[in-house]
Protein chains: 2
Amino acid sequence: MNIGEIARRAGVARSTVSYALSGKRPVAEATAKRINDVISELGYRPNASARALAEGRTRTLGLVIPPAGARLTGVQLGFVAGVVEAAAAHDLDVLVSPSGGRHDRSFERIVTGRRVDGVVLMEILLDDPRVARLEESGLPFVTIGHVQDPGASWWVDVDYAALIRRCVHHLADLGHEEVVLVNRSAELVASGYGPAARSTAGLLEAAGERGVRAHVVTCPDEPGAGFACFEDIRTRLPGVTGLVTINEAALPGLQRALQRASLEVPRDFSITGVVADHLAEDFHPPLTAADVPAVEMARIALELLVERIADPAAQPRHALLVPPVTLRSSTGARRR
Amino acid sequence: MNIGEIARRAGVARSTVSYALSGKRPVAEATAKRINDVISELGYRPNASARALAEGRTRTLGLVIPPAGARLTGVQLGFVAGVVEAAAAHDLDVLVSPSGGRHDRSFERIVTGRRVDGVVLMEILLDDPRVARLEESGLPFVTIGHVQDPGASWWVDVDYAALIRRCVHHLADLGHEEVVLVNRSAELVASGYGPAARSTAGLLEAAGERGVRAHVVTCPDEPGAGFACFEDIRTRLPGVTGLVTINEAALPGLQRALQRASLEVPRDFSITGVVADHLAEDFHPPLTAADVPAVEMARIALELLVERIADPAAQPRHALLVPPVTLRSSTGARRR
DNA sequence: TTGTATGCGTTATCAC
DNA sequence: GTGATAACGCATACAA
């Protein structure tokens, strides 16, 4: 059933039905009622493809997520949930594409098939081929996370450098003199993942400011790796009394290793970092941390994208969030 | 740029380009080369909406997930990842819709906007209005989980009753005489969530067979709730020495409560259940459990859907998986 | 082997 | 206020 059928039954022209539906031109009350009656009787809804073809827009957004197979972290999950939710609020649909590199078929379909009006790209690298691809395609897009040149594009991010710096200052205030940053995986660091680099920078900056000895270790995004990582820290860096991390997936493992080592938090050891809000609450003891407002970030990204789609000539905008470090119970004075 | 432009530059008719692209009719080698050269030079890709309109199919699948806001469990996350991954392998795109009840706009768009060729529905209720809606719409769909009448529809599920039954038998074998099932939330149970009902049935059946005292408690899908739930069990049901659960989200809380109560697993208390595979490994100690092969289930669901789309008249098919209970370290002989 | 013509279901521009 | 009708970009039946 199509718009012509509705028009026929209502005894009007197709265009009149279209206008009754869109409201883009006045329709006599009586006609409108007749049309609406037929529509609701038959349960008619316009064909999305036809509408997209005629209108030149799909009312659909693309969301590029890390390749399937990789388990999403809490923050990443928040991004996805936030984008989907915010899009639904705008009556927009979301097409998800699990894409790693540049020559991904799914990603390429999204970019070049004109099936979306815009794209949200998450977990980008400092120099990301997908960003370049989107730029040359002319498709409006917003990234969660930002590339090297912050002024030239649309993005939302959390200021990892500032947050880690604050965490280290906090530890220094508590008397800790040697700390370690548990970063994301070595592969991610090597491929130029922004948060990894910026966290390290923040750590070193704060360490310099406070005369704290600082170390960085990489750790895959898994509980088991967190466990192994901490055991390694204990043997290789025995002087460390404070840990700061952006690797939330490793947290359960770190927790278990702490316990295994009979270290009581925060009495014997302090731990803090940048993690998804709910994870901080679930840690035991509750984690003093900068809570990444993932859902909120996704919402902002979506608002920016909608804005950019509406005005393709608009100047790039971005948002750099600096959520507070929330004091909970995982950090304490260094025990001498 | 469109197919006409390619045709013009290659000096052929539009249909020839179309056929060269689809291969549905032979094209002379030389013409094909000329066309392909132009296509790759201009980076042409057919417009998805136009193609969908002409072809009558969208090469897109719908995936209905629990409402945004609800944090996805490990198993649910596996479903999403599995569907997206399997769809990508078929060169199909996935449109996600976060939908709870029947009158959801996003869900309604999917069902009635002809923007997808089929739908995967997850986390369904025993009597789910969305299933009814999809049935009356005529859109091919497959559910992960199954409704009351198992023969009439396409689905894939895990046999919760059998698995919980096995878990209870296992506990009985170890000498446990009083066990508790930690179910999903009371709301979910009340709304008629299949796994919740079937788990209870399996528990009671096994308890009857083995003369074990059995209890059921509901618990929201959160670590904190798991903690509270276990505290409650200890006070209200002090004789319980074994716990079986399908609530993986509560697991970290249960674990913490166990520890808080100074109960060593499995020496003092046994715990088992049905959970996502990776969670079982991450539990401490590793959880003896039936591992839900979520990604695999999603893959099967997608294969079924592809099959159903290809042949709308095909007889309903389904798959009821009974993964083994993997022995790890969280269950042991009852201590007298 | 290739070209022509029509239809897919809308929206939007004319004309009345 | 409303009705024709031309796009939108592609696939395909029909001709040649």
Side-chain angles (χ1 to χ4, degrees), chain A residues 1-39 42-60 91 93 109 111-117 139, chain B residues 1-39 42-60 91 93 109 111-117 137-139:
Chain A
M1 161 208 1
N2 54 37
I3 200 171
E5 177 71 10
I6 304 295
R8 203 180 55 71
R9 298 209 191 202
V12 298
R14 296 209 307 271
S15 54
T16 304
V17 177
S18 178
Y19 285 120
L21 237 32
S22 70
K24 291 187 182 174
R25 124 179 153 179
V27 170
E29 185 130 354
T31 343
K33 171 158 173 36
R34 220 165 50 225
I35 291 173
N36 284 326
D37 286 352
V38 176
I39 284 180
L42 297 179
Y44 165 78
R45 293 286 306 270
N47 179 310
S49 303
R51 183 202 285 249
L53 182 58
E55 219 176 1
R57 61 168 178 154
T58 60
R59 299 163 190 268
T60 303
D91 278 343
D93 286 321
R109 276 201 302 275
V111 174
T112 188
R114 279 156 291 178
R115 55 184 66 204
V116 300
D117 299 331
L139 193 62
Chain B
M1 162 206 3
N2 56 37
I3 200 171
E5 176 71 8
I6 304 296
R8 204 179 56 70
R9 299 209 189 201
V12 298
R14 296 211 309 267
S15 56
T16 304
V17 177
S18 178
Y19 285 120
L21 236 34
S22 70
K24 291 188 181 174
R25 131 178 148 177
V27 171
E29 185 130 351
T31 354
K33 168 153 175 39
R34 220 166 48 229
I35 292 174
N36 284 327
D37 286 352
V38 176
I39 285 181
L42 269 56
Y44 165 77
R45 291 288 305 270
N47 179 309
S49 304
R51 181 203 286 251
L53 182 57
E55 216 177 2
R57 62 170 178 152
T58 60
R59 298 163 190 267
T60 303
D91 278 343
D93 286 321
R109 275 200 303 273
V111 174
T112 189
R114 278 157 293 179
R115 56 183 64 204
V116 299
D117 299 332
S137 81
L139 193 62

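Here is how names work: the chains are called A, B, and so on, in the same order as the sequence lines, proteins then strands, and each is numbered from 1. Atoms considered below: every heavy atom in the structure, side chains included; atoms not considered: hydrogens, waters and symmetry mates.
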Quick one: list whatever passes side-chain hydrogen bond (donor to acceptor under 3.5 Å, both in side chains) with A/R114, sequence neighbours left out.
none
Contacts of type side-chain hydrogen bond (donor to acceptor under 3.5 Å, both in side chains), residue B/T16, not counting sequence neighbours
none
How far does the helix from C/dT1-D/dA16 to C/dC16-D/dG1 bend, going by the axes of its first and last five pairs, to the nearest 10°?
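Roughly 40°, once rounded to the nearest ten degrees.
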Give me the residues of residues 10-20 of chain A where at least one heavy atom lies under 4.0 Å from an atom of DNA chain D, by number, or none.
A/G11, A/V12, A/A13, A/R14, A/S15, A/T16
Report yes if the side chains of [X] and [Y] come closer than 4.5 Å at any heavy-atom pair, otherwise no.
X	Y	result
B/L139	B/V116	yes
B/Y44	B/L21	yes
A/V111	B/R45	no

For a 4.0 angstrom threshold against heavy atoms of chain A, report the outermost contacting nucleotides of DNA chain D in 5' to 3' order.
D/dG1 to D/dG9
Kindly give the heavy-atom pair with the smallest separation between [X] and [Y], and that separation in Å.
X	Y	answer
B/L53	A/S49	N-CB, 4.0 Å
A/G43	B/T112	O-OG1, 4.1 Å
B/I35	B/A10	CG1-CB, 4.0 Å

What salt bridge (charged side-chain N to carboxylate O under 4.0 Å, His left out) pairs are there with at least one residue in residues 4-15 of chain A, not counting sequence neighbours?
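The answer is A/E5-A/R8, A/E5-A/R9.
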Which pairs count as salt bridge (charged side-chain N to carboxylate O under 4.0 Å, His left out) when at least one residue sits in residues 16-33 of chain A, sequence neighbours excluded?
A/K33-A/D37
At the 4.0 Å heavy-atom cut-off to chain B, mark where contacts on DNA chain C begin and end, going 5' to 3'.
C/dT1 to C/dT10
Partner of A/V17 under side-chain contact (heavy atoms from CB on, under 4.5 Å), chosen from A/T31, A/N2, A/I3:
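Going through the options one by one, the only one that passes is A/I3.
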Taking side-chain contact (heavy atoms from CB on, under 4.5 Å) as the test, write out the residues that go with B/A48, two or more places apart.
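Partners of B/A48 under the side-chain contact (heavy atoms from CB on, under 4.5 Å) test: A/R115.
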Gap between atom OG1 of A/T60 and atom CG of A/D93 - 0.5 Å precision:
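Going from the CG atom of A/D93 to the OG1 atom of A/T60 covers 5.0 Å.
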With sequence neighbours left out, what residues match B/R51 under salt bridge (Lys or Arg N to Asp or Glu O under 4.0 Å)?
none
Mind checking salt bridge (Lys or Arg N to Asp or Glu O under 4.0 Å) for A/R34 and listing every partner two or more places apart, or none if nothing turns up?
none
Under 4.0 Å, heavy atoms only, any strand: does B/R114 hit a base, just the sugar-phosphate, or nothing?
sugar-phosphate
Contact residues, residues 22-31 of chain A to DNA chain C [heavy atom, < 4.0 Å]:
A/K24, A/R25
